[in-house]
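One structure is given here, and the rest of the page talks about it.
A note on names: the letters A, B, ... follow the listed sequences, proteins ahead of strands, and every chain is numbered from 1. Note: hydrogens, waters and symmetry copies are ignored here, and every other heavy atom, side chains too, is used.
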2 protein chains.
Amino acid sequence: MRLTANKIAGILRENGYKLTPQRHAVLKVIAASSDHMTPETIYSKTREENPDIGLVTIYRTLDLLNSLNLVCRVHAPDGCRSYMMRRPVGHHHHLVCSQCGKVVDFDGCTLADLENRLTKETKFDITGHLLELYGVCPDCRHVPE
Amino acid sequence: MRLTANKIAGILRENGYKLTPQRHAVLKVIAASSDHMTPETIYSKTREENPDIGLVTIYRTLDLLNSLNLVCRVHAPDGCRSYMMRRPVGHHHHLVCSQCGKVVDFDGCTLADLENRLTKETKFDITGHLLELYGVCPDCRHVPE
DNA sequence: TCACAATTGAAAATTGTTTTCAATTATAAA
DNA sequence: TTTATAATTGAAAACAATTTTCAATTGTGA
């Protein structure tokens with residue numbers, strides 16, 4: 001089940017934030033894409049329909065949405081600050097195409113065993129992890145040049 | 001088995017790079033720490049003994065050591081560009097203490113099954129992954145304030 | 001309608017990183 | 001040894017990404 005821009009609008013309000021036209025515009029852009037996008041990309045896409053929005057607002061909106069767990073931050077090998085819609089509600093990870101940027105979500109990450117083992121071995125209190133898989137998607141593989 | 005600064009010096013030479021005093025100083029700093037460090041931290045630590053080294057040289061040296069797989073790049077939740085000595089030679093990951101930055105290496109990451117499954121499901125050609133675990137180390141846990 | 005708080009955009013400031021370039025250093029050839 | 005050549009360096013400038021500041025605007029509840 002996916003979060004639509006409208007549902008997110010409600011969540012925003014529930015948390016005491018206003019759904020301004022700017023935020024709505026940013027949400028629409030993120031929701032419309034299946035790829036992860038940098039703040040700069042989100043900025044220029046949003047400006048296509050809302051030419052008056054400022055880059056600062058993009059940054060502020062992304063921080064807000066991220067703090068509410070409404071968008072995901074994607075760590076790509078080149079840049080650590082790309083965003084996309086959080087699609088599954090729960091814990092999940094991304095498989096990112098290195099060529100076109102397409103992202104496939106997956107869950108069932110098998111780290112629980114690993115974390116248990118390491119907790120025993122290291123006495124660390126393990127609080128989280130960062131896992132991203134990289135590869136080349138079928139579309140990009142079939143068009144070599 | 002760990003790579004010492006001296007062994008790395010040899011590897012550098014084998015690959016056609018000179019072991020300059022500056023590079024040696026950077027290596028010493030990285031080898032002496034069990035934590036990951038940002039370029040800025042490495043810079044100031046190196047300057048304690050080599051006050052004339054420039055920040056540019058730090059960046060260049062880090063790029064070089066990284067391209068030779070002599071240091072690891074650590075992706076922490078706050079910053080994506082920290083470096084530490086590559087200790088195990090092979091494939092491995094990091095368990096990073098969120099409070100003091102200490103890093104424990106581990107291998108035996110159980111991603112092969114996951115990757116096989118996803119290869120079948122998504123037809124992606126999976127080429128790599130980014131995995132870092134975060135937690136609080138025993139030392140930091142025992143000293144609450 | 002009024003007052004207040006949240007939000008915005010522009011500009012400036014800050015931070016992190018890379019490029020440029022002339023000077024220095026090391027290495028190999030004569 | 002000298003000499004030529006290539007690699008390396010540091011300073012400064014350039015560049016890019018992000019954050020801060022602040023006055024103006026907007027929306028909301030009294």
Distance check: side-chain N/O of R60(A) vs OP1/OP2 of dT8(C), anything under 4.0 Å?
-> no
Nearest-Å distance for atom pair CD1/C1', residues I58(A) and dA10(C) = 15 Å
Starting from P on dG27(D), measure out to CZ on R23(A) and report it in whole angstrom.
-> 13 Å
Spacing between I53(B) atom CD1 and dA11(D) atom P, to the nearest angstrom | 11 Å
Carboxylate-amine/guanidinium proximity below 4.0 Å for R47(A) and D52(A) = no
Roughly, in whole Å, what's the span from OH in Y59(A) to P in dA13(C)?
-> 19 Å
Proximity to the side chain of V56(B) - top-ranked nucleotide from dT9(D), dA11(D), dA26(C) = dA11(D)
Taking the side chain of D63(A) as heavy atoms from C-beta outward, which of dT19(D), dG9(C), dT7(C) is closest to it?
-> dT19(D)
Does the SG-to-SG distance between C97(B) and C140(B) fall under 2.5 Å?
-> no
Ion pair present between K45(A) and D35(A), side-chain N to carboxylate O less than 4.0 angstrom?
-> no
Can you tell me if CZ on F106(B) sees more than 12 non-hydrogen neighbours from other groups inside 6.0 Å?
-> yes
Please report, rounded to the nearest Å, how far the P atom of dT17(C) is from the CG atom of L62(B).
-> 10 Å
Choose from dT17(C), dT18(D), dT7(C) the nucleotide whose nearest atom is closest to any side-chain atom of L55(B).
-> dT17(C)
Is any side-chain heavy atom of N50(A) closer than 4.5 Å to a side-chain heavy atom of Q22(A)?
-> no
Could you check how far CG of N50(A) sits from P of dT8(C), rounded to whole Å?
-> 12 Å
Of R47(A) and L64(A), whose nearest nucleotide on DNA chain C comes first from the 5' end?
-> L64(A)
Which listed nucleotide (dT7(C), dG10(D), dT8(D)) is nearest to the side chain of Y17(B)?
-> dT8(D)
Between T20(B) and dT9(D), is there a side-chain N or O to OP1/OP2 distance below 4.0 Å?
-> yes
Which angle, to the nearest 10 degrees, lies between the helix axes at the two ends of the helix from dT1(C)-dA30(D) to dA30(C)-dT1(D), each defined by five pairs?
-> 20°
May I ask you to decide if the ring planes of H129(A) and H91(A) are parallel, tilted or perpendicular, using 30° and 60° as cut-offs?
-> perpendicular
If only side-chain N and O atoms of Q22(B) are considered, is one of them under 4.0 Å from the OP1 or OP2 phosphate oxygen of dG10(D)?
-> yes
Side chain of K18(B) - closest among dT18(D), dT8(D), dT9(D) | dT8(D)
Let me know the distance between NE2 of H24(A) and P of dG27(D), rounded to the nearest Å.
-> 15 Å
Salt bridge present between D105(B) and R86(B) (N-O < 4.0 angstrom) | no
Presence of R81(B) side-chain N/O under 4.0 Å of dT18(C) phosphate oxygens OP1/OP2 = yes
Between R23(A) and D63(A), is there a salt bridge with N-O shorter than 4.0 Å?
-> no
R13(A) CZ - dG27(D) C1' separation (whole Å) = 13 Å
